[in-house]
Amino acid sequence: MKLEISNIDAHNARLSVQGRLDTPGVDVIETRFVASATAAAKNILVDLTEVPILTSMGIRMLISTARAIHNKKHRMIVFGAQGIVMETLDHVSLNDVIPVVATEAQALALLA
Amino acid sequence: MSVLSLQFWNDLAVLDQNRASLRTYLENANVEVHAIHRVELAFDELVTNICRHGYADDLDHYIRVEIRVADNHVAMVFDDDGREFDPVKAQLPDKPESIERAKPGGLGLLLLRRMSSEIRYERIGARNRTYIRIGIRTTDR
């Protein structure tokens, strides 16, 4: 399970996850994920390109992190979801509360 | 195809190794990757729910799961002695209107219902028995 945060520009950072966001995976990564996202003090673009599976535990983590970022007057956007991960996001209508787009460019366009 | 029988304690620490056994079984049955992910997701959601919400005590409890690949579906039977929980009748969460109001609880149940082609439940004595079917295609059948 890998987590990497990188600055895109002065206002936006990319948080990339590599690995399964299921119950065991979230147990491993959640503390670092939330801390990295909120400490950046920027808009956070969560890259799910390298996530093969996402369960309700992962969605719970995304929602709680997005809320923390929102409370700090920034935004979180999810991009790169494919296959079963995109199907999962659709089933829970995540896009109603956190923007979900296909690419990083689309995420940045939303923040422009 | 043979039946895969898993038996483990109500400890989420063993979830990953059992999920790996499940995946190997499905790959050996030539189940397509997308369907394997659906089955893994249903397995994760139901076992997590049993372990987190099924027991009021701190004792060890056995959970048993049987998995069988058929021509057009994967059938799973979950058997546990947790508190009575019928995933067919349980209420789904309301659709959130905003990030402030979003409540993550209940999403596992929602996913379980959406990913499954059939869910049945029965209470037998002090045990829950949950039957789940997930539609599949196999790669070489």
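Since the model is a prediction, treat every value here as computed from it, not as a measurement. The chains referred to below are lettered A, B, ... by the order of the sequence lines, with proteins before strands, and numbering in each begins at 1. The figures here come from the full heavy-atom set of this structure, side chains too, leaving out hydrogens, waters and symmetry mates.
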Taking donor and acceptor roles from the modelled atom types, list the N and O pairs under 3.5 Å across chain B and chain A.
| from | atom 1 | to | atom 2 | distance (Å) |
| --- | --- | --- | --- | --- |
| H34(B) | NE2 | E87(A) | OE1 | 2.6 |
| R38(B) | NE | E87(A) | OE2 | 3.3 |
| R38(B) | NH2 | E87(A) | OE2 | 2.4 |
| D44(B) | OD1 | T23(A) | OG1 | 2.8 |
| D44(B) | OD2 | T23(A) | N | 3.1 |
| E45(B) | OE1 | S56(A) | OG | 2.5 |
| E45(B) | OE2 | S56(A) | N | 2.6 |
| E45(B) | OE2 | S56(A) | OG | 3.2 |
| T48(B) | OG1 | T23(A) | OG1 | 2.8 |
| I99(B) | O | R67(A) | NE | 3.2 |
| I99(B) | O | R67(A) | NH2 | 3.3 |
| E100(B) | OE2 | H70(A) | NE2 | 2.9 |
| A102(B) | O | R67(A) | NH2 | 2.3 |
| R114(B) | NH1 | H91(A) | O | 2.9 |

> Between L15(B), L111(B), L110(B), L109(B), which has the largest tally of heavy atom pairs under 4.5 Å with chain A?
Replying inline: L111(B)

>> Given heavy-atom pairs under 4.5 angstrom as the criterion, report whether the side chain, backbone, both or neither of I63(A) touches chain B.
In response: both

>> Taking L112(B) as the starting point, is it possible to reach L21(A) by hopping between hydrophobic residues whose side chains are less than 4.5 Å apart?
In response: no

> Mind checking whether M115(B) and L107(B) sit in one hydrophobic cluster, side chains of I, L, V, M, F, W, Y counted as touching below 4.5 Å?
Replying inline: yes

> Transitively linked via ILVMFWY side-chain contacts under 4.5 Å: I50(B) with Y131(B)?
Replying inline: no

> Considering only heavy atoms, which portion of L54(A) lies under 4.5 Å from any heavy atom of chain B: side chain, backbone, both, or neither?
Replying inline: backbone

>> Counting only heavy atoms not in D58(B) (residues, nucleotides, ligands), do more than 12 fall under 6.0 Å from its CG?
In response: no

> Residues in side-chain hydrogen bond (donor to acceptor under 3.5 Å, both in side chains) with Y55(B), at least two apart?
Replying inline: D81(B)

>> Are V100(A) and I77(A) linked, directly or through intermediate hydrophobic residues, by side-chain heavy-atom contacts shorter than 4.5 Å (ILVMFWY only)?
In response: no

> I53(A) versus chain B, heavy atoms under 4.5 Å apart: side chain, backbone, both or neither?
Replying inline: side chain

> Of the backbone (N, CA, C, O) and the side chain (C-beta and beyond), which part of L41(B) lies under 4.5 Å from a heavy atom of chain A, both, or neither?
Replying inline: both

>> I'd like to know if V88(B) and F43(B) are part of one continuous hydrophobic network [Ile/Leu/Val/Met/Phe/Trp/Tyr, side-chain heavy atoms within less than 4.5 Å].
In response: yes

